[in-house]
Every structure is written in structure tokens, then in C-alpha cells.
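One-based numbering, in listed order, for ligands and for the atoms of each. Quick caveat: nothing in here was measured; it's all calculated off a predicted structure.
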Amino acid sequence: MRGKDNLRRAAEVLVDQLRIHGVRHVFCVPGESFLAVLDAFHDSDLSVTVCRQEGGAAMMAEAIGKVTGRPGVCFVTRGPGATNAAHGIHIARQDSTPLVMFVGQVARDTREREAFQELDYRAVFSSMTKWTTEIDDAARVPEIVSRAFHTAANGRPGPVVIAIPEDMLVERVAVSDAPPFALIETSPGPDEMRKFAELLAGARAPIVILGGSRWSQEACDRLARFAEKYALPVCTTFRRGHLFDQTRPCYAGDLGIGPNPKLLERIKSSDLVIVIGGRLGELPSQHYTLFDIPRPQTPLVHVHPGAEELGRVYSAHLAIHATPTAFTAALEDLKFTRVPAGEAKAAHADYLAWTEKPTEQPGRVNFGAVMVWLRDNLPADAILCNGAGNFSAWVHRFFRFRRYGQFVAPASGSMGYGVPAAVAMKRLYPHRQVICFAGDGDFLMNGQEIATAIQYDLPFITIIFDNGMYGTIRMHQEREYPGRISATELRNPDFPAYARAFGGFGISVEKTEDFPAAFGEARASGKPAIIRLVIDPEAITPATTLAKIRAKSLTEKIQ
Ligand SMILES: Cc1ncc(C[n+]2csc(CCOP(=O)(O)OP(=O)(O)O)c2C)c(N)n1
Ligand SMILES: [Mg+2]
């Protein structure tokens, strides 16, 4: 509440800054360290989501940052709250997502005594954030919050952590608000675009690889038009499948874990690789084997919004410091001396052959067939979320993403992301269908956020791939230490009953053909729902079984 002197408390100034910077949603687990902020929420029109664990709150904020390109915001308490939230901060780092996290801090006059739950946030978070700071002076709240939003969103986006000492938050100050932060575009220069046109016109078999952040629907559309005009094959990197409408005739496939071998062949035999937006990190580079380091033999064009990423691993033949949004705008004006002609048709045919039909699988539920059913039956703007585990391989392979922001999943490979991301998406887009895919291991890392879904009446459907194990690790185990199962088996709760215990809907599916009816019931319930798929543990990837991996490994070890 504003005082009689008409001065604002620092906490009110802070919440006012959030509104000015366009924030609509904040996610938090409350703490006594930032009561004054909670009080300021009381008078604001911000949509506040109270969560069950700070890791979930940080992931929800990260998911908002991922799909809007503007910093997602969360508030957590001191030591234990902040360290819980580290999970989401690391995702924002690796996924290049703008996020601003506020953390309670002990009062300024008790600092450095290791006061109750005190933590040195700069020391703890600096290796994961773009900036970690503490606000000592209430009068500087507008300045520091403004810098945090600019830092998080511009260049290579990423997380910022701001500690807010509790005594600072209740100080009353006379201070002016900052203006709204700006999303700053970095545009390619005319020389760079001319060189790009020359390289493309001279290439026999160019290929485009899309990744990273700082995209938008318009940027994706511009890229798609350009690719179609010149028949350029376009693939997307791990968990960035939403950057290209996969039903369009230039789509060449997913360059993530276990990609189509034909796609890898195509990249290896191409004579110009154009990477737009992504870092070409460990997964898309197939563990740094696809291209030589530092100078790839195949000419490489690398377009990235962060100057420090250009030349970090790959010394590109043409490095362009630009946001994907600005680069795709520049593509529209490109002039060619010779018209490039790519191999999109053949690449798309390879993609269709790889993804059209589900593969044969052991067990009565074929997850590939479930994904194909969802591909044919979900609305074009449905949002799909997931965490990490082998189950996601079927999502990547068999679904067809159509729109920007439709796929919300961690490129960092972090488990536990799907449920919080689905909560955030349903908060942001109440009228869109939201589906969360989870492994049985993955789900229970943040499954408690189903309580948040119930509290805010967010009816999304979680599909749990229940194979009774940490399947991914078991797969690696069988390959490296065949037959020696260690710490990968799981005894699971009754997942449908878990959903019902929270007030949701739950159902088990034991045969593929029962899935559509179960999905219909889950939808009709109007509640947050869990559909548990009973999966044969042998069905370890769309391409192979555990027994085959073990047998191959044993044979190799004998030789
Ligand atoms: C937070 C986190 N902890 C651990 C891991 C390592 N890890 C990767 S996949 C995986 C198992 C996933 O199991 P599940 O969710 O059941 O999926 P499945 O592989 O069985 O389909 C583990 C433990 C990780 N990626 N993230
Ligand atoms: Mg599992």
C-alpha cells in the first residue's frame, strides 16, 4: 500500500517495473524473505501462480520466456528456494531463454554472518546466468530491473538472478520508473548478405539448420518462404522442431538424438551448411563429430544473435551477428546472380519415409501409433510439452509441428520439465489444447505441480510413458555394461490414482486401440488428466529393443 507521504516501497517500485516491462505472469513459491513483494502483488493486476516447488516455478517462467521471447519471471526465497530453482536457471542458460528470477535475501545488516538461509548468489549462480546481482539501494530498483530485462532478452538470451534484501524491499523511496525495455534487433550488414548470396548461389547442395531463440512466427514464415522459393532443405535442432512447419515440402527432419541416417548423410554430403539461430551444440553436432573443429571442411554460414557464440567452437566461413528475426527479414531482399536450387524434395521424401508410419514395437501399446493418432487429431495450434527421457524420441519423430512456440521442451535435456511447462502454457493460453508427455521417471520430478494445475483449473493432459525404469540410462547401461542392471529400475505409484488424489482425471491404457477413447474421456473430464500408457520395457527406442542392444554389446565385448 502506498504511504501517506506518497512514496513507494521498493517492493512496489519493483512490481511496477514488472508491469512497465510488459510482464503479465509471475510464478513463485512464497518466502518470508520477500513478504513486501507478495503484498505489492496484492494490489497489482499481475497473474500470480503459486507453485509447489521452486524448480517448477523457475521452469514455468522459463517456458513463458521460451514461447514469448520476453523474460519469464519468478520469485523464490533465500538459500533452499534459490537452490531448488537452479534447475530452471540451468535450462534457461542452455536453451538461451530470457528469464529474470528474483530471490529473497537476508537483511543488509546481517549479511556475511551466514545468517538464516543466507547465500552468496553471485558465487552460486554466476556460471549459469548472464548476470547475477543484488539490489543494495532501493532507489536503484528501476535501473537494475531495466538492465536485467535488457540483459536477459538481448544478444544470446539467458537468465538473470536478482537478490532482493528484505529490509531494502520495505524502504520508501521517491524514484521515477524506467521506460519499457527494448528487444534490440541485430541486423546483418549489406556486405554479409552479399557474401551470403554468393555462397548460396554457388552451392550445389546447401542445407539449412534452425535452432536457438530470438525467433517469432513471422520470422519462421519468412524463412519458410525463402526455403520454398529456392527448394532448400531445412532441418531443426534438438527440441526446436517448432521453428519450421514440418508439413511443408522443405522440411528435412529433426537433427537431435537418433536422427534419420539419411538426414545425417545429406548434411555430410552438402557443400554449404547454413546454421541460423542455434549454437550447433553437442546434440545437433552429433557429439561434435559432424563438422571439424575449429574450421569445418564444408563451408559454414553461422547466424547467431550473440557475438561471443560466433567462433566459439566453429570458425564459420561466414559468421553473421544477427537475430533470426532480423536475418530472416533481410532474406526477403536478397538478390542473386544465379538462382540457387536445393534438394528439398528429396530431403522431404526422406523425412516422410522416416516418420510416416509407426515402427513395429514389442508390447501392446505402440507409442509411435499413439503419436500418429495425435498428429492426425490434435488441433494445429495444440502445444506439446515434455521433459527428458527416451519416450521423447517418439514425440520428436512422429509428431508434425506446425507453429512457432508449439513445442515447449528443454534442449538442455532436463527431466521434470513437462508438467511445469504445461501449467505455464495453460496459464498463458487458456483456450489452446496443451499436452504434456512424460516418462515415469521424468514425471515424478515435478509431478506435484498437478496440484497447481488443479488450483488454477488448467485442464491439460499428461501422457505418461510408463516402462518401469529410467529407460534412457538403462539403454546406456546395456550398451556399456550389458546385463548389469544397476539403479535404473522403478517401482511406480498408480499414476491414474495419483491424478485422482489431486482432484484430476486418471486412466490407464494397455492397448493402442484403447488410446483414442481414453483421450476422449480425459478431454471430456475438463480436469487436469493423466493417461498412463503401459509400455513394454523392451520398446526402448522407435528403432530397437533392449535385448538387441544387449546382444550387440555382448558380441562386441567378446570379440
Ligand atoms: C534432472 C535430470 N536428472 C537426471 C537426468 C539423467 N537422465 C536422463 S534420461 C533419464 C531417465 C528418464 O527416465 P524416464 O522419464 O522414465 O524416461 P524413459 O527413458 O524411461 O523413457 C535420466 C535419469 C536428466 N537428464 N535430468
Ligand atoms: Mg521410464
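In this structure, Glu489 places its CD atom where only 12 or fewer heavy-atom neighbours from other residues, nucleotides or ligands lie under 6.0 Å away. Within 6.0 Å of CD on Glu513 lie more than 12 heavy atoms contributed by other residues, nucleotides or ligands.
Annotation: cation-pi pair Arg484/Tyr481 absent, no NZ/CZ under 6.0 Å from the ring centroid and within 45° of its normal. For the pair Arg500 and Phe505, the NZ or CZ position fails the cation-pi test of under 6.0 Å to the six-membered ring centre and within 45 degrees of the ring normal.
Listed by number with element, the atoms of ligand 1 under 4.0 Å from a non-hydrogen atom of Asn390 are 18 (P), 19 (O), 21 (O). Within the listing of ligand 1, atoms 21 (O) sit less than 4.0 angstrom from a heavy atom of Phe465. Here is the list of ligand 1 atoms found below 4.0 Å of a heavy atom in Met445: 1 (C), 3 (N).
Judged by distance alone, the side chains of His396 and Arg239 do bring a donor and an acceptor atom under 3.5 Å apart. Donor-acceptor pairing under 3.5 Å is lacking for the side chains of Thr289 and Gln286. In the model, Glu309 has no side-chain atom that pairs as donor or acceptor with a side-chain atom of His304 under 3.5 Å. If you check the side chains of Arg93 and His90, you find no donor sitting under 3.5 Å from an acceptor. Tyr417 and Glu62 form a side-chain donor-acceptor contact under 3.5 Å, judged by distance and modelled atom types alone. Under the 3.5 Å distance criterion, with hydrogens and angles disregarded, a donor-acceptor pair is assigned to the side chains of Thr132 and Thr129. Donor-acceptor pairing under 3.5 Å is lacking for the side chains of Tyr121 and Arg78.
Gly413 O, 2.9 Å is the protein heavy atom nearest to atom 25 (N) of ligand 1. Here the heavy atom of the protein found nearest to atom 21 (O) of ligand 1 is Phe391 N, 3.0 Å. Shortest contact from atom 8 (C) of ligand 1 to any protein heavy atom: Ile473 CD1, 3.9 Å. Looking at atom 16 (O) of ligand 1, its nearest protein heavy atom turns out to be Asp440 OD1, 2.6 Å. Considering only non-hydrogen protein atoms, atom 19 (O) of ligand 1 sits nearest to Thr472 OG1, 2.6 Å. Of the protein's non-hydrogen atoms, Met415 SD, 3.5 Å is the one closest to atom 10 (C) of ligand 1.
Distance check for Asn467 against the Mg ion (ligand 2): an N/O/S atom falls below 2.8 Å. Among the atoms of Tyr470, no N, O or S atom falls under 2.8 Å of the Mg ion (ligand 2). The distance from the Mg ion (ligand 2) to the nearest N/O/S atom of Asp440 is under 2.8 Å.
The part of His87 lying near ligand 1 is the side chain, judged by heavy-atom distances below 4.0 Å. When heavy-atom distances to ligand 1 are checked against a 4.0 Å cut-off, Asp442 comes that close through both its backbone and its side chain. When non-hydrogen atoms are compared, ligand 1 lies under 4.0 Å from neither the backbone nor the side chain of Arg474.
For a threshold of 3.5 Å applied to N or O pairs, the pair formed by Gly441 and ligand 1 contains at least one separation below that value. The shortest N or O to N or O distance between Met469 and ligand 1 is below 3.5 Å. Ligand 1 has a nitrogen or oxygen under 3.5 angstrom from a nitrogen or oxygen of Asn467. At least one N or O atom of Gly471 sits closer than 3.5 Å to an N or O atom of ligand 1. Where the criterion is an N or O separation shorter than 3.5 Å, residue side chain and backbone included, Phe443 fails it with respect to ligand 1. On a distance-only criterion, Tyr470 and ligand 1 share no N/O pair closer than 3.5 Å.
Rounding to the nearest 0.5 Å places CG of Leu283 at 11.0 Å from CG of Leu280.
Using a 30° and 60° split on the angle between ring planes, Tyr498 and Phe443 fall in the perpendicular class, above 60°.
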